[in-house]
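Lettering of chains follows the sequences in order, A, B, ..., and the numbering in each one begins at 1.
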Amino acid sequence: MTDSTNAQTDARQRLYTALAGIPAGYVITYGQLAALAGFSRRARWAGQVLKQLPQDSRLPWHRVINAQGKISLPGDAGEKQRALLESEGVTVSDSLRIDLSLFSWQKADTE
DNA sequence: CGTTTGACTTTCG
DNA sequence: ACGAAAGCCAAAC
């Protein structure tokens with residue numbers, strides 16, 4: 001395969017690694033996740049990658065929400081994500097909203 | 001190469 | 001607090 005293909009795979013891999021670093025009971029926004037992977041202002045791209053994420057991947061994709069502290073997944077998928085977060089101890093409001101001041105993950109702390 | 005699209009973000013009313 | 005509009009960026013057409 002070509003170098004360009006490698007670059008694309010590497011970019012996704014970095015995002016996966018960053019996502020894997022999010023502990024249960026915490027959430028992170030698309031923008032923060034992208035920045036954590038080394039790509040600032042790539043929030044949309046991060047969302048696109050998660051959408052294409054295979055089901056067999058064991059990554060905590062449900063810990064990723066938007067900057068408004070709300071689940072971006074439409075329909076039943078959003079309800080499913082809420083259930084997963086609740087099961088990890090994250091409090092989710094009826095409007096799929098989460099208190100970022102309590103559950104937002106900061107890598108530069110607690111370690 | 002120009003246009004459209006989107007699991008985003010921020011600002012304004 | 002909520003919705004609309006604009007801004008931003010990469011991938012798909």
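Using a 4.0 Å cut-off between charged side-chain N and carboxylate O, A/Arg14 and A/Asp10 make a salt bridge.
Under the 4.5 Å side-chain criterion, counting only non-hydrogen atoms from C-beta, A/Lys70 is not in contact with A/Ile65. Side-chain contact between A/Leu96 and A/Glu79: present, with at least one pair of heavy atoms (C-beta onward) separated by less than 4.5 Å.
No hydrogens or angles considered: a donor-acceptor pair under 3.5 Å links the side chains of A/Ser104 and A/Gln106.
A/Arg42 has its CZ atom 9 Å from the P atom of C/dA11, to the nearest Å. Rounded to whole Å, atom C1' of C/dA11 lies 11 Å from atom CZ of A/Arg12. Taking atom CD1 of A/Ile71 as the reference point, atom P of B/dG6 lies 20 Å away to the nearest angstrom. Taking atom CZ on A/Phe39 and atom C1' on B/dT9, their separation rounds to 19 Å, with Å as the unit. Between the P atom of B/dT9 and the CD atom of A/Gln48 lies a distance of 14 Å, rounded to the nearest Å. Taking atom CG of residue A/Asn66 and atom P of nucleotide B/dT11, one finds them 15 Å apart after rounding to whole Å. In this structure, A/Leu33 places its CG atom 10 Å from P of B/dT9, rounding to the nearest Å. In this structure, CH2 of A/Trp45 is placed 19 Å from P of B/dG6, rounded to the nearest angstrom.
Listed candidates were C/dA1, C/dA11, B/dA7. Nearest to the side chain of A/Leu73 is B/dA7. Closest to the side chain of A/Lys51, out of C/dA11, B/dT9, B/dG6, is B/dG6. Candidate nucleotides C/dC8, B/dG6, C/dA10 were compared by shortest atom distance to the side chain of A/Arg41, and C/dC8 ranks first. Comparing C/dA11, B/dC8, C/dC2 by their nearest atom to the side chain of A/Arg97 picks out C/dC2.
Comparing A/Ser40 and A/Gln52, the nucleotide of DNA chain C nearest to each residue sits closer to the 5' end for A/Ser40.
Atom CG of residue A/Leu73 and atom NZ of residue A/Lys51 lie 10.5 Å apart, to the nearest 0.5 angstrom.
Between C/dC8 and A/Arg44, no contact under 4.0 Å exists linking OP1 or OP2 to a side-chain N or O.
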